Amino acid sequence: MLDLKLIERDFESAKSKLAKKGVNEALLNELKERFAALKDAKRAFEEKRAQQKSLSKEFGAYKAQGKDISELKEQLDALKSEISTLESSVQEIESGLQELAFAIPNFPDDSVPEGLSEDDNLELKKVLEPKEFSFTPKEHWELAELNGWIDFERGVKLAKSRFALLKSDAAKLERALINFFLDFNAKSGFAEVCPPVLNNSSMLLGTGQLPKFGDDLFKIEGEDLYLIPTAEVPLTNIYNNEILQESELPQLLTAYTPCFRKEAGSAGRDTRGIIRQHQFDKVEMVAIAHPDRSDKIFEMMVQNASDILSALGLPHRLVDLCGGDLGFSAARTIDLEVWLPGQNKYREISSVSNMRDFQARRAKIRFKDGKKNSLVHTLNGSALAVGRTLIAIMENYQNEDGTIDIPEVLKPYMNRNI
RNA sequence: GGACAGUUGGGUGAGUUGGCUGAAACCACACCCCUGCUAAGGGUGCGUACUCUAACGGGUACCGAGGGUUCGAAUCCCUCACUGUCCGCCA
């Protein structure tokens, strides 16, 4: 959620910032109007309420002294109905305003490139050269079939479409990658945690998945619980509604969790293979940071994800997302795209974002900033998406006969020397 | 899942015959004084959010959440959530 006072104070700049993200300015105008209306309504209510309180005190005193209270009672009865009208009007305006405010995305940073779609994203740099194959490299699902690594049919049987069953070395690689990522992140200073993968609605509101994107979430029937779409949700919300000491910042956290997404809008895209699944494994980094330090930490997180890919020998590039492609809660995002020789293109494997104080305001995550409490900055990024790393390894490490080599750094994790 | 008990400020914990309690006391924390050495004693301050004021200082909301009774509710009633204990079940 954005700072409504800031929008009120500097309306024009707020408008232009959000225009970069494609937000309709009528929405902002309405927000401003409702905010002003709320203030007026509140003031009226508080005035009457103060009156009621002091008269009620008098009422008590009169009664104790045995004085006549009928006149006072009359006044108070009138006040009472007046107040309840004012109060419900405040509530109505407030909930409408809240709903509106929750639906407005974060401001993009000034450095974010202009643009409406992923075509306008800015490539920052390439790391490692894609290797030349002496044969036509296969796509991962072909390799999966050849090696008996992925059973697509039975995955569907067990659940539904877009679920898969990993077998053999693929299952082992999946586990090896998780361990490798967690160890790598630990060396970079991230503390490992293992959070619940079901979170309640208030946490999903805190990180911005709700109320706008509920359709993308799997919900538990009859409970206020959702399967998390990313470990960003539990990790960021660990300090939901808390006030940290400044000395406790930054909190650098990492976790492996499965992630669950309905992705209702993505039907027809990437239907073959395991690029886009309803359930996938991911190792996530989250930082709870002092506002002055979040840019530095952002760079560190991007570097960390890139270093992991380099350690695996996977060619990749860094892409600065343009305003239109930026996620709802993000002020700045750099995507890491890994080279897939089978598809002959770069595909997203990690996304590192600085949310600034957007999530912190929603989730009420603050720190003692001298005498007062200030909002922290929150950041998150994948390090890395496990399934997509598996795909990248399959495609980049394939041999002409369809066999797949294991990257050196993973061999210790596979209990294998060659 | 069943029974009982509870949910108050950073922590412990009073307050539950409705008004004088947004909230005692203690601890923690901050500053000051005393003292002079790793003991202690004394004083002051110390919840969050919004809002009015040039400022001093006011006002409103919040005692798990939501609703109700009442002139007035942390205190009474209802619903829900959570925590604890015992029982049941279980990796």
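The sequence lines fix the lettering, A, B, ..., with proteins before strands; numbering per chain opens at 1. All figures in this text were calculated on a predicted structure; none of them were measured in a lab.
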**Request:** For A:H290 and A:P250, indicate whether the former's side chain and the latter's backbone hold a donor-acceptor pair under 3.5 Å.
**Result:** no
Say you pick atom [atom1] in [N] and the same atom in [M]; how far apart are they, in whole Å?
N: B:C31; M: B:C86; atom1: C1'; answer: 50 Å
N: B:G13; M: B:C27; atom1: P; answer: 15 Å
N: B:C71; M: B:U83; atom1: P; answer: 38 Å
N: B:C62; M: B:G9; atom1: P; answer: 15 Å
N: B:G67; M: B:G57; atom1: C1'; answer: 36 Å
N: B:A74; M: B:U69; atom1: P; answer: 16 Å
N: B:A14; M: B:G6; atom1: P; answer: 12 Å
N: B:A30; M: B:U35; atom1: P; answer: 23 Å

Rounded to the nearest angstrom, tell me the gap between atom [atom1] in [X] and atom [atom2] in [N].
X: A:K39; N: B:G59; atom1: NZ; atom2: C1'; value: 15 Å
X: A:Q98; N: B:C50; atom1: CD; atom2: P; value: 13 Å
X: A:Q245; N: B:A28; atom1: CD; atom2: C1'; value: 11 Å
X: A:E8; N: B:C50; atom1: CD; atom2: C1'; value: 13 Å
X: A:K42; N: B:A49; atom1: NZ; atom2: P; value: 13 Å
X: A:E58; N: B:C20; atom1: CD; atom2: P; value: 15 Å
X: A:R43; N: B:G58; atom1: CZ; atom2: C1'; value: 15 Å
X: A:I93; N: B:C50; atom1: CD1; atom2: P; value: 18 Å

**Message:** Considering every strand and a 4.0 Å limit on heavy-atom distances, what is the contact class for A:K5: base, sugar-phosphate, or nothing?
**Reply:** sugar-phosphate
**Message:** Using a 4.0 Å heavy-atom cut-off to protein, can you give one letter per nucleotide of nucleotides 60-81 of chain B, 5' to 3': B if the base is in contact, S if only the sugar-phosphate is, - if neither?
**Reply:** BS--------BBSS--------
**Asked** Would you say the side-chain atoms of A:D401 and A:T403 include a donor-acceptor pair closer than 3.5 Å?
**Response** yes
**Asked** In terms of ring plane angle, is the pair A:F328 and A:F213 parallel, tilted or perpendicular, where the classes change at 30° and 60°?
**Response** perpendicular
**Prompt:** A:F163 vs A:F218 aromatic rings, parallel, tilted or perpendicular, using cut-offs 30° and 60°?
**Reply:** tilted
Lys/Arg N to Asp/Glu carboxylate O, [X] vs [Y], below 4.0 Å:
X: A:D295; Y: A:R332; result: no
X: A:D77; Y: A:K73; result: yes
X: A:D270; Y: A:R276; result: yes

